[in-house]
Visitor: 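Once you've had a glance at the structure underneath, I'll fire off some questions.
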Amino acid sequence: MKSVEEQLKIVLRGCDTVYSQEELRKKITRSVEKNQPLRVKLGMDPTAPDLTLGHTVVLQKLRDFQDCGHKAVLIIGDYTAMIGDPSGRSKTRPVLTPEQVKTNAETYLAQAGKVIDTSPEKLEIRHNSEWLKPLDFADVIRMASKVTVARMMERDTFAKRQKAGIEVFIHELFYPMMQAQDSVEIKADVELGGTDQTFNNLMGRDFQRNMDMAPQVVMVMPILVGTDGTEKMSKSLGNYIGVAEAPSDMFGKVMSIPDELMLNYYTLLTKVDEQRMTELTDSGKTHPRDAKVELGKQIVTKFHDEKAAESAVEEFFRIHGKGKAGLPDDIPEVKVPVDLLADGEISAADLAVCCGFAKSKGEARRLISDNGIRLEGEPLPDPMGMVKVTSGQVVQRGKRKFVRLVVG
RNA sequence: GGGAGUGUACCCAAGUGGCCAAAGGGGACGGGCUGUAAACCCGUUGGCGUUCGCCUUCGAUGGUUCGAAUCCAUCCGCUCCCA
C-alpha cells in the first residue's frame, strides 16, 4: 500500500473541495495502519445511456482510490431513478422505466470500465433498490422527519427554481435523503461526486451521524465544462464528448474547445503533471494548437489507444489542414434513387436532400447558394441547377460531413 | 377557496386588428479568415413551387370580422399573492 502522503497527493489532484481534509487524512492513516481499505462510494445515475468525459472526471477519482488500494463501491441508483436527480435541473426529470434503467446501467458499466478497475476485489456494485424498495410508508415518514423544509430548500437548485417561479415537486425533496440512506447502508468512508452533488453528499454525513456511524468524507470534483466553453458538459446541451465516440470525433471535439479550457481539461482528464501542464498552456512556450493536439491525443489514447490517436490526428489535418482537400477514412454511402435522375443529372437541391444534408429543398437551396455543398470538392454553383452525378463521387456539406454516392 | 398574471418558432423574448412567416438575443448551420471543429467577421435559420405567389404556424377549441398571434367565449397548462 502506498504511503499516506503519496495517497493524499494522488487523491487530491483536481479536487474542488474536501469535507474535510483532516478527516480524510485520518481515515487514510488508519486504513494504512490497519491495512484495511476504505469504502469509497460513487452513486451513478442510470438516466443517460452514454457517458461523457464529464462523468469520467469523478470516475477517474474513484480509480485513483482503487489504485491506492481502496475499495470502490458503485451504487446503481435504480430506485432513485424513479425520481431523477434534481441537481442543476430547471425541470423535473422524466421518470425512467425499469427497462431503461437496466439498459442504461449496462452501457454505463461497460463504458465506466474504461476508467475504473472492474475486478471484483476492487469494485463492489450495488443497486439501491436493495434497501430502498423494502421501506414502507412509515419508514419514509421517519426518514423525512429528520430533515427540515428550510434545510432542504436551502439547496441551490431548489432555491433557484423557487425564485424563478419554476415548480419544485415534493418527491424531488426525497432524492437527497435516498442518496444519504445509500451511504448509511453501504457504510461509506468516502463519497465522491461532482460539486453539484455537494448537498446530497453532505446529507449522507447527517444520516450516518444519526445512525451513530462515523460520517463519510465528501470529496467533490469540479464540473467539466462542455465544448462550448460555458455550460456543464451534458448530452442534453449537445456540448459533450462521449466516452464511446469514434477516435476522430473525439479528437475533433477536443480541438473545438476554447483555448482557455485546456488547463482545465489537462487537469481533470489527463495525468500530465503540473509542470508540464503549465508549459503546455503557456502560449509563449507552446503553440495553443499544438497544446490542444497533445490534449486530444492524450484523451483519445485514454479511451481508445495510441494508434487510434495518431490516425485521428493524421485524419484531422488531412481534412482541416491547409489544402482542405482531404477526405476522412470512412465515408458513408448514400443511394441516389433513379427516379430523381434525368439523363444522369439531378437537381442540385434534390442531391443535397437525398444525401441527408438538408431537411427540405428550401434549406438545400440556401446551403448551396452559401457554397455549403460540394461535389468532388467543388461548390455547387447554382441552387436551381442540375448536376451530373456518377457512383463513387463524394458530396460534402461544410467541412465535416461527407457522403459517397451510389447511383441507381 | 379568492385575486393577479402568463402560454409566441430549437431556447429566451418582442409584437395588442391588416405593413406578420412574425423584431431582438442565444443556439445551430454555412462562408471568409486563421493557429484548430479556438477567436473574429459575414450570411442563413417554417414548407412548396418560385423574382410573384400558395400552404402550415403564435397553448386548445369555437366565435366576431372583408381580415386575428392580436378582439370575444369556453377549456387546458404554469406561476405568484391572499386564505
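Order of the sequence lines fixes the chain letters, A, B, ..., with proteins taken first and strands second; residue numbering starts at 1 for each chain.
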Visitor: For a quick test of reading the model: is some side-chain N or O of A/His320 closer than 4.0 Å to OP1 or OP2 of B/A37?
Guide: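 So the side-chain polar atoms of A/His320 do come within 4.0 Å of the phosphate oxygens OP1 or OP2 of B/A37, strictly under.
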Visitor: Using the P atom on both, measure B/U74 against B/G24 and round to a whole Å.
Guide: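 About 37 Å, rounded to a whole number of Å.
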Visitor: State plainly whether the residues A/Glu106 and A/Lys102 are in salt-bridge range, i.e. N to O under 4.0 Å.
Guide: yes
Visitor: Determine which nucleotide pairs with B/A22, using a 3.5 Å limit on both distances of a Watson-Crick or G-U wobble pair.
Guide: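 Here B/A22 is not engaged in any pair, so there is no nucleotide opposite it.
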Visitor: Pick the P atom in B/C72 and in B/U6, then give their distance to the nearest Å.
Guide: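 Going atom to atom, P in each nucleotide, I get 13 Å.
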Visitor: How would nucleotides 39-48 of chain B be written as a contact map, 5' to 3', with B for base contact, S for sugar-phosphate-only contact and - for no contact, using protein heavy atoms under 4.0 Å?
Guide: ----SSS-SS
Visitor: Salt bridge between A/Asp189 and A/Lys71, side-chain N to carboxylate O under 4.0 Å?
Guide: no
Visitor: Is A/Arg39 salt-bridged to A/Glu124, going by a charged N under 4.0 Å from an acidic O?
Guide: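 Here A/Arg39 pairs with A/Glu124 in a salt bridge, since their nearest N and O are under 4.0 Å apart.
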Visitor: Taking the C1' atom of each, how far is B/G7 from B/C55, in whole Å?
Guide: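 The same atom, C1', in both gives a distance of 26 Å.
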Visitor: How long is the line joining CG of A/Leu295 and C1' of B/A38, in whole Å?
Guide: 13 Å
Visitor: For atom C1', what is the distance between B/U61 and B/G2, given to the nearest Å?
Guide: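 B/U61 and B/G2 have their C1' atoms separated by 28 Å.
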Visitor: Please name the nucleotide paired to B/G17 by Watson-Crick or G-U wobble geometry with both distances under 3.5 Å, or report none.
Guide: none
Visitor: How close or far is atom C1' of B/A28 from atom CG of A/Leu367, stated in whole angstroms?
Guide: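 To the nearest whole Å, that distance equals 12 Å.
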Visitor: Once you round it to whole Å, what is the distance between P of B/A37 and CD1 of A/Ile319?
Guide: 11 Å
Visitor: Please give the nucleotide sitting opposite B/A69 as a Watson-Crick or G-U wobble pair, both distances under 3.5 Å, or none.
Guide: none
Visitor: Compare the minimum distances between each of B/G32, B/A37, B/G35 and the side chain of A/Arg374, then state the nucleotide with the smallest one.
Guide: B/G32
Visitor: Measure from CE on A/Met262 to P on B/U36 and round the result to the nearest Å.
Guide: 13 Å
Visitor: Please name all residues satisfying side-chain hydrogen bond (donor to acceptor under 3.5 Å, both in side chains) with A/Glu306, sequence neighbours left out, ordered by chain then number.
Guide: none
Visitor: State the pairing partner of B/A39; accept Watson-Crick or G-U wobble contacts with both distances under 3.5 Å, and report none otherwise.
Guide: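 Per the H-bond distance test, none.
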Visitor: Among the nucleotides B/U36, B/G35, B/G31, which one has an atom lying closest to any side-chain atom of A/Lys399?
Guide: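 Nearest nucleotide to the side chain: B/G31.
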Visitor: A/Phe251 has an atom CZ; how far is it from atom P of B/A38, in whole Å?
Guide: 13 Å
Visitor: Can you tell me the pairing partner of B/C58 across any strand shown, Watson-Crick or G-U wobble, with both distances under 3.5 angstrom?
Guide: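 Pair assignment: B/C58 / none.
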Visitor: To the nearest 0.5 Å, what is the distance between SG on A/Cys355 and CD on A/Glu333?
Guide: 12.0 Å
Visitor: For A/Leu261 and B/A38, what is the distance between atoms CG and P respectively, to the nearest whole Å?
Guide: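 Whole-Å distance recorded here is 13 Å.
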Visitor: Roughly how far apart, to the nearest Å, are B/A39 and B/G26 at atom P?
Guide: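 B/A39 and B/G26 have their P atoms separated by 14 Å.
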Visitor: I'd like the C1' distance from B/A69 over to B/U56, given in whole Å.
Guide: 14 Å
Visitor: Taking for each residue the nucleotide of RNA chain B with the nearest heavy atom, is it A/Gly398 or A/Arg289 whose nucleotide lies nearer the 5' end?
Guide: A/Gly398
Visitor: With P as the reference atom in both, quote the distance from B/G1 to B/C10 in angstrom, rounded to an integer.
Guide: 36 Å
Visitor: For B/U79, what is the paired nucleotide under Watson-Crick or G-U wobble rules, both distances under 3.5 Å?
Guide: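 Its partner is B/A4.
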Visitor: Kindly determine whether A/Glu172 and A/Arg155 satisfy salt bridge (charged side-chain N to carboxylate O under 4.0 Å, His left out), including the steps that lead there.
Guide: CA-CA 12 Å; A/Glu172 296 184 82; A/Arg155 203 188 164 187; over 6 Å; no
Visitor: Base, sugar-phosphate, or nothing: which does A/Ile373 touch, judged by heavy atoms less than 4.0 Å apart?
Guide: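 If one applies the 4.0 Å heavy-atom cut-off, A/Ile373 turns out to touch nothing in the nucleic acid.
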Visitor: Looking only at side-chain N and O atoms, does A/Glu191 offer a donor or acceptor that is under 3.5 Å from a partner on A/Gln197?
Guide: no
Visitor: Whole Å only: how far is the CE atom of A/Met255 from the P atom of B/U34?
Guide: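 That distance rounds to 17 Å.
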Visitor: Among B/U50, B/G31, B/A38, which is the nearest nucleotide to the side chain of A/Asp259?
Guide: B/A38
Visitor: Going by an N to O cut-off under 4.0 Å, is there a salt bridge joining A/Glu314 and A/Arg318?
Guide: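 Here A/Glu314 pairs with A/Arg318 in a salt bridge, since their nearest N and O are under 4.0 Å apart.
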Visitor: If I take atom NZ in residue A/Lys297 and atom P in nucleotide B/U36, what distance separates them, rounded to the nearest angstrom?
Guide: 15 Å
Visitor: Testing the basics here: between A/Glu245 and A/Met250, what is the closest heavy-atom pair and its distance to 0.1 Å?
Guide: O-CE, 4.0 Å
Visitor: Hey, which of these two, A/Lys253 or A/Lys401, hits RNA chain B nearer its 5' end, going by closest nucleotide?
Guide: A/Lys401
Visitor: Can you tell me the pairing partner of B/A28 across any strand shown, Watson-Crick or G-U wobble, with both distances under 3.5 angstrom?
Guide: B/U44
Visitor: Say you pick atom C1' in B/G3 and the same atom in B/C48; how far apart are they, in whole Å?
Guide: 49 Å
